Amino acid sequence: MVKILQLHSDFIEFRPVEKEIPSAEKCEKKIQRLEDLVVLFTCVEEGDTLQTGREAMDGVKEYLEKVKAHRILIYPYAHLSNKLASPSDALKILKEMKSYAESLGIEVHRAPFGWCKEFTLSIKGHPLAEQFRSITPGEKDKGEIVSEALKAEEKVKSYWYIMEPDGRLISVEEYDFSGHENLKKFADYEISKMRAAQRTPPHVDLMRRLELVDYEPASDPGNFRWYPKGRLIKSLIEQFVTEKVIAYGGMEVETPIMYDFEHPSLSNYLHRFPARQYILKSDDKNFFLRFSACFGQFLMLHDAQISYRQLPLRIYELTRYSFRREKSGELSGLRRLRSFTMPDVHAICADMKQAKEEFMKRFRLSIETLKGFGLDRNDYELAIRFTKSFYEENKDLIISLVKEFGKPALVEMWDERFFYFVLKWEFNFVDNLDKASALSTDQIDIENAKRYGIFYIDENGEKKVPLILHCSPSGAIERDLYAMLEKAYRDQKEGRPPMLPLWLSPTQVRIVPVADRFYAEAEKIAEEIAKCGVRVDWDDRPLTMQRKIREAEMEWIPYIVVIGQREVESGVLSVRDRRISGAGRGGEIRKMSLEELVSEIKDLTRGKPFKPLSLPMRLSKRPRFYG
RNA sequence: GCCCCGGUAGCUAAGCCCGGUUAUAGCAGCGGCCUCGUAAGCCGCAGGUCGCGGGUUCAAAUCCCGCCCGGGGCUCCA
């Protein structure tokens, strides 16, 4: 049967390299480029006839009408079959396909037959863009669509389970989710994909209203601008994660954000995914923007001399930025971006035993990191994915992850390995639209050390290929903020005051003078608090006190201190604590000294980084960035 | 990428279906009054390429076509 992998493409470039068979067609060894076309990787098998070829083209014609394309490239591609037709028959049929297609009014190009060729291809993203067809002699094309066949591999089968902390594995269909509603939502999202109501994600309104982050229409979609308050928060999170990873043993490095497309270690890997990078042209070279820190770190480790004594070896970079050219339709606020900041820490491990120990350490590191954002185990769900054979040999590791987590986890088991890793876990946050996204993750990679030529020398002086663990203890920083904002929104909906963790609140204390004759006193108090390393500002605008309190509440400020006659006389502060009297609760006003207030804040933010807010301390001096 | 919804002042929206004076509000901004005790004080002023480009028409925010941006869905996620 004639087999055709048909790919609706933005462009293809190909160049004949050398003849593979004596009967190869004549042609020039020049690069050819075609744009906006359907590429037909075509393979002719034993028993195919000219008629089979024509029938195949009838199917192609139909397809072209559907996707509104009119140009095709017939590209002989022997790799789709193991019972090829003879070269002379195949060539005859391919030529017939061309002339028949031309008679149907299609613009037809044909790549030379019998050559080893190289090509670069950019595939369009729509659901019909990638299809596989086979046309059996004497039978009309039934329009059979075996999508996903791009990989020329059968899609791996996934089996879904829930694993209990005691290690019991229960199939998802039979699992009783009561008491685990969030896990149910997550499992549904992963397995079936449910529809969400059509609305803007709550965190998007919040990120703008709080003047943290915003879209930047002048950039590519999914690239954001950060206002001063947002930049402060992001910077604090970055610093926090970095400190955590360094304490764990990560060596912080920095690597380039762009790489040569043709670099030998990278190219074969990349050519499998040509559509998902940003591509940058400089002179006649093509560069891609990194989508993780893997390249830079692996290239660095390739050149390093590593002894077994130094293992496990941890290397870390906070990527500002990583780039992924996600399809436009799947971008969403801070949840899915095209450029994002992600901590990426790799561990080089001597063997599986060492890898397992390291894996558990990093699992705990990730839990600790998320805790810093006020996210505990009730706020996210664990997913573990592995191959069947890995599970059978390493049940103990998988079970101890779930046990450590202390809640049932979603399990995806593959019958064979398809990716470069054998085991992967993620913490997934489920948002107010019931969408799930991964935060922390770690993987055991058994492939890339070899691909990048990373070795260590063992105790016998022999070169050994290590295992590599890939971990992001927090996931993308932007996504952490997304999770915090979505959680705050949920708090608000359920009657709790929405707020950010104290250490991340841009303003921790707001001083509100009752009238302008108390401005001097307010400023003095603000300056005293600022000296103690607390982010404080004061409201010197000509507004009523009620109005100032309202606005401070809408900014989610944790402590609001009102200064008037009473405070000046007594020296005792009246503190409106958001947790008890804020967010419309109208509760008690706390009476405390300045020292008590400062030391409470210091206690509550212990162990977390501090940075001053870069905005002026007087509100009247601040521009409004949004709204 | 495809399908659906949206884009009107800095922000949030009305007007659009059914074309016709000077495009309408609220908030924010600016000016003034008010000097206030824990979630919105009062008055005034200014503010507009109606997302961009083209077309239809005597006349377009309004109708048609193309594009850009946002949201949702499909699909995908190394």
Side-chain angles (χ1 to χ4, degrees), chain A residues 8-10 36 66-69 122-130 147-148 150-151 190 193-201 204-205 208-209 211 214-222 266 269-277 290-292 294-295 322 324-333 336 418-421 424 433 435 437-438 443 445 447-448 470 497 510 512-519 541-555 557 560-567 574-578 581-590 623-627:
Chain A
H8 191 195
S9 310
D10 296 311
D36 202 21
K66 236 184 276 175
V67 301
K68 298 188 184 70
S122 170
I123 298 169
K124 292 188 190 284
H126 59 84
L128 293 176
E130 302 168 19
S147 70
E148 310 296 280
L150 170 65
K151 287 126 188 173
E190 280 290 310
K193 317 228 183 229
M194 24 186 311
R195 271 155 214 278
Q198 180 172 324
R199 57 186 269 226
T200 302
V204 171
D205 287 332
R208 305 172 85 189
R209 220 204 65 221
E211 293 189 296
D214 210 341
Y215 298 108
E216 176 49 77
S219 182
D220 195 44
L266 311 176
Y269 188 40
L270 282 169
H271 280 160
R272 287 178 64 200
F273 303 96
R276 299 190 72 79
Q277 276 85 50
R290 67 176 174 196
F291 47 79
S292 72
C294 299
F295 314 98
S322 284
R324 298 187 188 182
R325 238 187 57 95
E326 308 288 7
K327 290 168 201 161
S328 56
E330 64 196 5
L331 296 170
S332 171
R336 185 67 77 83
F418 177 65
F419 303 105
Y420 57 79
F421 51 83
K424 175 190 188 185
L433 304 179
K435 294 189 175 284
S437 342
Q443 312 166 353
D445 171 354
E447 211 176 88
N448 279 304
H470 300 238
R510 161 81 39 93
V512 174
V514 159
D516 56 11
R517 62 178 180 277
F518 299 106
Y519 277 18
R541 296 171 303 169
L543 302 170
T544 59
M545 177 214 63
Q546 289 87 338
R547 176 68 178 279
K548 292 177 183 182
I549 287 170
R550 173 178 155 85
E551 292 195 8
E553 291 289 0
M554 298 211 303
E555 263 186 71
I557 292 172
I560 301 168
V561 176
V562 172
I563 300 295
Q565 194 63 39
R566 290 177 219 155
E567 289 71 23
S574 303
V575 179
R576 183 174 163 123
D577 181 333
R578 183 168 182 81
S581 48
R585 317 188 132 202
E588 279 293 289
I589 300 302
R590 299 173 64 193
R624 189 173 278 262
F625 288 98
Y626 177 85

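Order of the sequence lines fixes the chain letters, A, B, ..., with proteins taken first and strands second; residue numbering starts at 1 for each chain. Note that the structure is a prediction, hence the values are computed from the model and not measured.
- Using a 4.0 Å heavy-atom distance criterion, A:Arg517 is classed as a sugar-phosphate-only contact.
- For A:Phe291, counting side-chain heavy atoms from C-beta on, the closest listed nucleotide (B:U35, B:G70, B:A78) is B:A78.
- Using the Watson-Crick or G-U wobble rule with both distances under 3.5 Å, B:G6 pairs with B:C69.
- Between A:Glu567 atom CD and B:U38 atom P the separation is 11 Å, expressed in whole Å.
- With B:A78, B:A40, B:C77 as the candidates, the nucleotide lying closest to the side chain of A:Arg550 is B:A40.
- A:Val514 has its side chain out of reach of A:Gln565: every pair of non-hydrogen atoms, C-beta onward, lies at least 4.5 Å apart.
- The phosphate of B:U12 has OP1 or OP2 within less than 4.0 Å of a side-chain N or O from A:Tyr626.
- Searching all strands for a Watson-Crick or G-U wobble partner of B:C76 with both distances below 3.5 Å returns nothing.
- Comparing B:C76, B:G37, B:U35 by their closest approach to the side chain of A:Asp516 singles out B:U35.
- Within 4.0 Å of A:Glu211, counting heavy atoms only, lies no atom of the nucleic acid at all.
- Listed pair A:Arg324 / B:C76 fails the phosphate criterion, with no side-chain N or O lying under 4.0 Å from OP1 or OP2.
- Between A:Gln546 atom CD and B:C36 atom P there is a gap of 11 Å when expressed in whole angstrom units.
- Proximity of A:Ser332 to the phosphate of B:G71: no side-chain N or O atom is located under 4.0 Å from OP1 or OP2.
- At a threshold of 4.0 angstrom between heavy atoms, the contacts of A:Ser574 include nucleobase atoms, whether or not backbone atoms are also involved.
- Place A:Arg624 and A:Ile560 on RNA chain B by their nearest nucleotides, and A:Arg624 ends up nearer the 5' end.
- With respect to the salt-bridge test (charged N to carboxylate O, under 4.0 angstrom), the residues A:Arg576 and A:Glu553 qualify.
- For CD of A:Glu216, the number of neighbouring non-hydrogen atoms (other residues, nucleotides, ligands) closer than 6.0 Å is greater than 12.
- Residue whose closest nucleotide on RNA chain B sits further toward the 5' end, between A:Arg578 and A:Val204: A:Arg578.
- Nearest to the side chain of A:Tyr420, among B:A78, B:G37, B:C36, sits B:A78.
- One cannot find a donor-acceptor pair under 3.5 Å joining the base of B:C11 and the side-chain atoms of A:Arg209.
- Between A:Tyr215 atom OH and B:C11 atom P there is a gap of 14 Å when expressed in whole angstrom units.
- Atom P of nucleotide B:C77 and atom NZ of A:Lys435 are separated by 16 Å, given to the nearest angstrom.
- Out of B:G70, B:A78, B:G37, the shortest distance to the side chain of A:Pro221 is found at B:G70.
- In this structure, A:Glu567 and A:Ser574 have side chains that are in contact, with non-hydrogen atoms separated by less than 4.5 Å.
- B:C58 and B:G20 make up a base pair, with Watson-Crick or G-U wobble contacts both under 3.5 Å.
- B:G41 and B:C33 make up a base pair, with Watson-Crick or G-U wobble contacts both under 3.5 Å.
- Checked by distance alone, A:Glu326 brings no side-chain donor or acceptor within 3.5 Å of a matching partner on the base of B:G1.
- B:C74 and B:G66 have their P atoms separated by 25 Å, given to the nearest Å.
- Rounded to whole Å, the C1' atom of B:C16 lies 24 Å from the corresponding atom of B:G10.
- Side-chain atoms of A:Lys424 lie closest to B:A78 of the nucleotides B:U38, B:A78, B:A40.
- If you measure from atom CD of A:Gln565 to atom C1' of B:U35, you get 13 Å, rounded to the nearest angstrom.
- In this structure, the nucleotide among B:U12, B:G71, B:U38 sitting nearest to the side chain of A:Ile549 is B:U38.
- At a threshold of 4.0 angstrom between heavy atoms, the contacts of A:Glu551 with the nucleic acid are absent.
- Checking B:A39, B:G71, B:G41 against the side-chain heavy atoms of A:Arg576 singles out B:A39 as nearest.
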